[in-house]
Amino acid sequence: MSLHPSRASNTASGSLWMYIVGFILSIVLTLAALWLALARQFSTEVLLTAILILAILQIGVQMFFFMHITESPKPQFNLWILGLGMFFTFVVISGSIWIMSFGGGQGY
Amino acid sequence: MTIAHDSFSAHGQHSNPDVPLEYSLEEGALRIFGFWLFLATDLVLFACLFATYVILQDNTAGGPTEMQLFNVPSFTAETLILLTSSFTGGLGTYAMHKGSRRALITWMIITVLLGLSFIGLEVKEFVTYATHGAPLQRSAFLSAFFTLVGTHGAHVSLGILWMLSIIYQLARRGITPITARKVFIVGLYWHFLDIVWVFIFTVVYLNGVMS
Amino acid sequence: MSIFLPHFPATFIITGDPLIYGAEVSIVLATVGILFVLTYFKKWGWLWREWLTTVDHKKIGIMYLIASLLMFFRGGVDALLMRTQLIRPNMHFLQAEHYNQIFTTHGTIMILFMAMPFIFAMFNIAVPLQIGARDVAFPYLNAVSFWLFFLAAMLFNLSFVIGGSPDAGWVSYPPLAGLEFDRGPGENFYLLSLQITGIGSMATGINFMATILKMRAPGMTLMRMPLFSWSVLASSILIIFAFPALTVALALLLIDRLAGAHFFTMFQGGNPMMYINLFWIWGHPEVYIVILPAFGIFSEVVSTFSGKRIFGYSSMVASLMTISVISYVLWVHHFFTMGAGPGVNSFFAVATMCVGIPTGVKVFNWLFTMYRGRIRLTVPMLWAIAFIPIFAIGGATGVMLAAAPADYQYHNSFFLIAHFHQVLIGGTVFGMLAGMYYWWPKMFGYMLNERLGRWAFWLFNIGFYITFLPQYLLGLMGMTRRMYTYPADMGWNTLNLISTIGAYIMGIGFIVLVLDVVYSMFYGERDVTGDPWNGRTLEWSLPSPAPHYNFARIPTVTSRDAWWTSKQARARGDAPAKLEPLQPIHMPKSSGRPFILSVIFFIGGFGLVFNWYALGFLALLGVLISLLLRSLEYDTDYYVPIEEVEHTEAALGRA
């Protein structure tokens with residue numbers, strides 16, 4: 001039985017580097033999305049897709065750099081669970097949008 | 001790999017420096033895994049709230065809209081504050097792995113203060129809307145907005161109380177495998193809430209001021 | 001209206017009907033009776049120490065079982081009342097409002113307060129024993145789950161007497177269930193009690209996933225784990241991802257009702273269909289949550305009483321997992337007729353039909369297991385065999401309903417009612433009853449009576465067909481659900497009469513079941529070996545009932561059907577494995593806080609039902625304090641000393 005986590009780097013300074021890089025990347029991604037949204041130079045669909053991609057990238061950054069997602073002891077069931085959770089999240093949100101999009105679609 | 005047999009001696013593996021302290025007891029690994037499962041449920045909870053928001057966001061019933069309400073400096077500040085608090089929380093975990101109780105508590109206090117600023121800004125935002133003709137009862141859009149963002153804020157508030165309790169336990173007991181696990185878990189919770197906020201920032205605020 | 005003053009609705013204590021008076025008087029008498037007995041026999045301390053504060057999964061399982069049987073009684077009475085009202089056209093046994101309340105409480109109780117606790121009883125009783133563990137991953141949380149469920153059930157049942165039962169159907173659709181059309185507190189009782197029990201259910205899902213994934217005995221890889229535990233894993237995955245949707249649906253409707261929001265109202269931008277969408281995102285996985293454990297039980301029962309290992313273990317595992325994932329993308333089939341567009345309806349129709357395929361695989365595997373087996377027709381096996389034709393019919397009618405265009409005719413008719421009762425009763429109820437009979441000796445140390453068990457089985461089984469087969473025809477003839485009476489000239493009279501007679505037969509079957517339980521308490525045959533059925537899985541290696549720490553030594557597993565392998569080795573004369581020396585056993589301490597926490601939830605829920613926010617706020621404080629106290633609690637475990645283990649094992653006749 002082994003509790004050895006799988007880690008990119010075991011040294012303390014290695015993990016400090018991870019937090020700093022994660023933080024900087026997150027700020028960059030946040031400001032990029034903000035700038036894109038405020039610059040109003042693109043159509044709404046393109047913009048929406050762009051900021052969603054930036055959001056998803058930031059999730060990945062935070063999960064890897066902050067949450068030590070790859071460091072749990074094996075077998076890493078938490079990755080399976082998260083994957084399933086993200087799949088169901090996608091199903092719920094996109095499914096709901098699709099299902100509810102009939103009947104005129106106008107807001108009131 | 002399974003963890004079923006218990007060891008009479010509780011020191012587990014923390015004499016092994018390669019294993020992070022929070023995982024050094026079997027109980028710790030189990031609790032952390034259980035918490036990931038809880039986060040999966042919270043993820044779906046927020047997914048349902050997001051779905052509701054997206055579907056109702058145009059139903060403003062002739063009342064205030066996102067463009068009229070949202071204030072760019074305000075929500076940008078909230079975002080950067082929360083992100084920074086996630087970073088300082090991470091620095092706390094780093095300090096914990098280095099064994100420094102004082103640094104850990106300091107970073108946790110900073111995280112709590114940043115969290116309180118976030119909540120303060122959010123409360124101010126909510127009160128402003130509610131007293132300027134945009135309460136939750138005005139339209140479906142506003143009901144969805146207050147509930148989605150408010151649920152996140154309630155989670156953050158609970159997290160602040162939780163961190164205060166852990167700071168207290170660290171002050172009394174120092175860094176042990178058990179307190180290390182508690183710090184790690186509240187850290188997971190706090191990072192998760194920042195991740196949810198990234199989506200709120202994107203789908204609610206940016207999307208709202210975009211058109 | 002000051003939010004701090006109580007606001008009594010017009011009819012706080014429900015009055016009116018002789019039936020209601022009678023029920024209220026019985027409730028009061030029963031309560032007084034219980035309190036009297038406890039006091040007279042000085043059993044309060046025992047109750048607190050042994051049951052109210054336990055974190056032992058075996059006891060928690062027993063409490064879930066008792067609660068579910070009690071709720072089965074109430075839900076069954078509701079069913080008989082409805083069927084009595086429908087025995088002839090134009091009956092006035094029940095007024096329309098009462099009928100609405102009764103079908104609402106019948107559905108809510110049977111699904112949330114009978115089926116869920118019944119499966120949780122089976123989870124708790126069997127899973128740790130099957131996987132060679134000493135308890136679940138989070139025993140304190142397990143107790144919290146039970147007490148939240150129990151106090152939520154009490155809150156729901158209280159509505160009968162105080163404030164009025166909910167009456168908007170077990171699904172409670174707005175705008176009917178919204179503030180505009182349903183001011184009364186009944187609907188709030190529904191929303192709050194379901195919310196509270198939902199928290200408990202989610203916690204159970206988390207608990208059992210962690211237990212199964214992380215606490216199996218050494219050598220028990222996932223592919224060596226008993227199929228019941230696999231089914232619990234599949235069900236728990238669904239629980240954790242589906243219940244949050246229910247939480248949100250109920251919470252948003254509650255916010256509409258309490259705070260005047262506009263999620264599901266008809267004005268100011270509300271969209272009632274969104275509730276239905278969210279509700280069924282939970283509601284469809286929910287029915288799979290309750291059926292998968294039944295499938296697991298059938299796998300255990302069929303293989304044990306055929307004397308053969310299960311046919312196609314890998315495909316059984318794959319089908320459980322496949323059903324689990326697919327069932328999450330089916331939910332629109334509950335509202336094909338709401339006009340979501342042909343693309344949407346087609347997708348969900350096809351997906352729904354697909355889910356029958358892995359289920360079919362399972363049915364064939366059970367049949368192949370029985371083929372050339374040495375079948376023993378014990379009571380659990382009877383329930384299992386009877387399940388197969390019932391579920392096949394139910395599944396077939398499900399595929400009929402899945403064809404969206406056809407569903408425009410079937411939706412909300414008695415055809416639908418017959419279908420879902422077929423799969424829920426034939427699947428879940430039969431499965432849980434099989435499990436109850438199968439694991440009863442392990443829980444209590446004696447067997448349930450075979451003869452009475454057979455009578456109960458045949459009455460219930462035959463009664464089932466008589467009740468529900470006519471209902472398919474009624475549905476095809478146009479009779480819709482939730483109608484409190486019907487005209488005499490529709491041609492529905494005979495079939496309704498037959499159906500009601502069948503329902504009474506089922507009722508008698510249930511009474512015989514209860515008689516079996518009571519009779520066996522006094523005269524049941526003792527189980528002295530711990531393995532009365534010649535079982536195949538690890539729970540049968542323990543004495544009956546098992547000692548509180550389960551295993552004195554955690555077994556090492558080398559194959560599927562680990563206990564069977566062990567018995568074979570012994571029969572062959574293989575040298576027994578050397579017994580390791582005993583170690584002190586690490587066990588969790590009991591705690592009264594789960595019970596108290598749940599009472600606080602009850603008080604808060606009760607307050608919010610009547611918009612008494614002060615009480616709700618106090619309860620919130622109570623919950624936070626409770627969480628804080630738990631966080632500060634470090635003295636949560638103890639060690640059972642070796643001498644005590646030796647002594648207990650010797651007393652149970654084990655080395």
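Each chain gets a letter, A, B and so on, in the order the sequences are listed, and its residues count up from 1.
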Part of B/Y168 lying under 4.5 Å from any heavy atom of chain C | side chain
Based on non-hydrogen pairs under 4.5 Å, which of B/P135, B/G63, B/G34 is most in contact with chain C?
-> B/G34
C/G269 and B/L56: which non-hydrogen atoms are nearest, and at how many Å?
-> O-CD2, 3.9 Å
Counting only heavy atoms closer than 4.5 Å, note whether B/R172 contacts chain C via side chain, backbone, both or neither.
-> neither
Which bit of C/I240 comes within less than 4.5 Å of chain B, counting heavy atoms only: side chain, backbone, both or neither?
-> both
Is it the backbone or the side chain of B/A51 that comes under 4.5 Å from a heavy atom of chain C, or both, or neither?
-> both
Approximate separation, where rounding is to 0.5 Å, of C/L624 CG and B/S165 OG | 11.5 Å
Gap separating the CD atom of B/E26 from the NE2 atom of C/H586, nearest 0.5 angstrom = 10.0 Å
C/L141 versus chain B, the contacting section by heavy-atom distance below 4.5 Å | neither
Spatial distance of atom CG (B/L37) from atom CE (C/M202) [nearest 0.5 Å] = 13.0 Å
Within a radius of less than 6.0 Å around CZ of B/F126, do more than 12 heavy atoms belonging to other residues, nucleotides or ligands occur?
-> yes
Tell me, do C/L627 and B/W162 make a side-chain contact under 4.5 Å, heavy atoms counted?
-> no
Does NZ belonging to B/K124 count more than 12 external heavy atoms closer than 6.0 Å?
-> no
Contacting region of B/I178 [heavy-atom separation from chain C under 4.5 Å] | side chain
Give, as side chain, backbone, both or neither, the part of C/F243 having an atom under 4.5 angstrom from any heavy atom of chain B.
-> neither
Show your reasoning for whether side-chain contact (heavy atoms from CB on, under 4.5 Å) applies to B/L136 and C/F263.
-> CA-CA 10 Å; B/L136 144 152; C/F263 289 103; 5.6 Å; no
For B/F192, the ring pair (Phe, Tyr, Trp, His ring centres under 6.0 Å) test, sequence neighbours excluded, returns none
Using a cut-off of 6.0 Å, state whether more than 12 heavy atoms not belonging to C/E580 lie near its atom CD.
-> no
Between atom CE of C/M274 and atom CD1 of B/I55, what is the distance when rounded to the nearest 0.5 Å?
-> 3.5 Å
Under a 4.5 Å heavy-atom cut-off, does chain C meet the side chain of B/F33, its backbone, both or neither?
-> side chain
Could you tell me whether the side chain of B/K182 and the main chain of C/S631 form a donor-acceptor pair under 3.5 Å?
-> yes
Does the side chain of B/L30 come within less than 4.5 Å of C/F138's, by heavy atoms?
-> yes
When you look at B/L49 and C/L252, which way does the side-chain contact (heavy atoms from CB on, under 4.5 Å) test go after all the steps?
-> CA-CA 9 Å; B/L49 290 172; C/L252 298 186; 4.1 Å; yes
B/T52 pairs by side-chain contact (heavy atoms from CB on, under 4.5 Å) with which of C/N271, C/N277, C/L278?
-> C/L278
Between C/H262 and B/S139, is there a donor-acceptor pair closer than 3.5 Å when you use the side chain of the first and the backbone of the second?
-> no
C/I255, C/T247, C/L632: which one forms the most heavy-atom pairs within less than 4.5 Å of chain B?
-> C/L632
In short, C/G260 meets B/Q137 closest at the heavy-atom pair O-CG, 3.2 Å
Which of B/W36, B/F38, B/F35 passes side-chain contact (heavy atoms from CB on, under 4.5 Å) with C/I206? Answer is B/F38
Segment of B/L158 engaging chain C (4.5 angstrom heavy-atom cut-off) | side chain
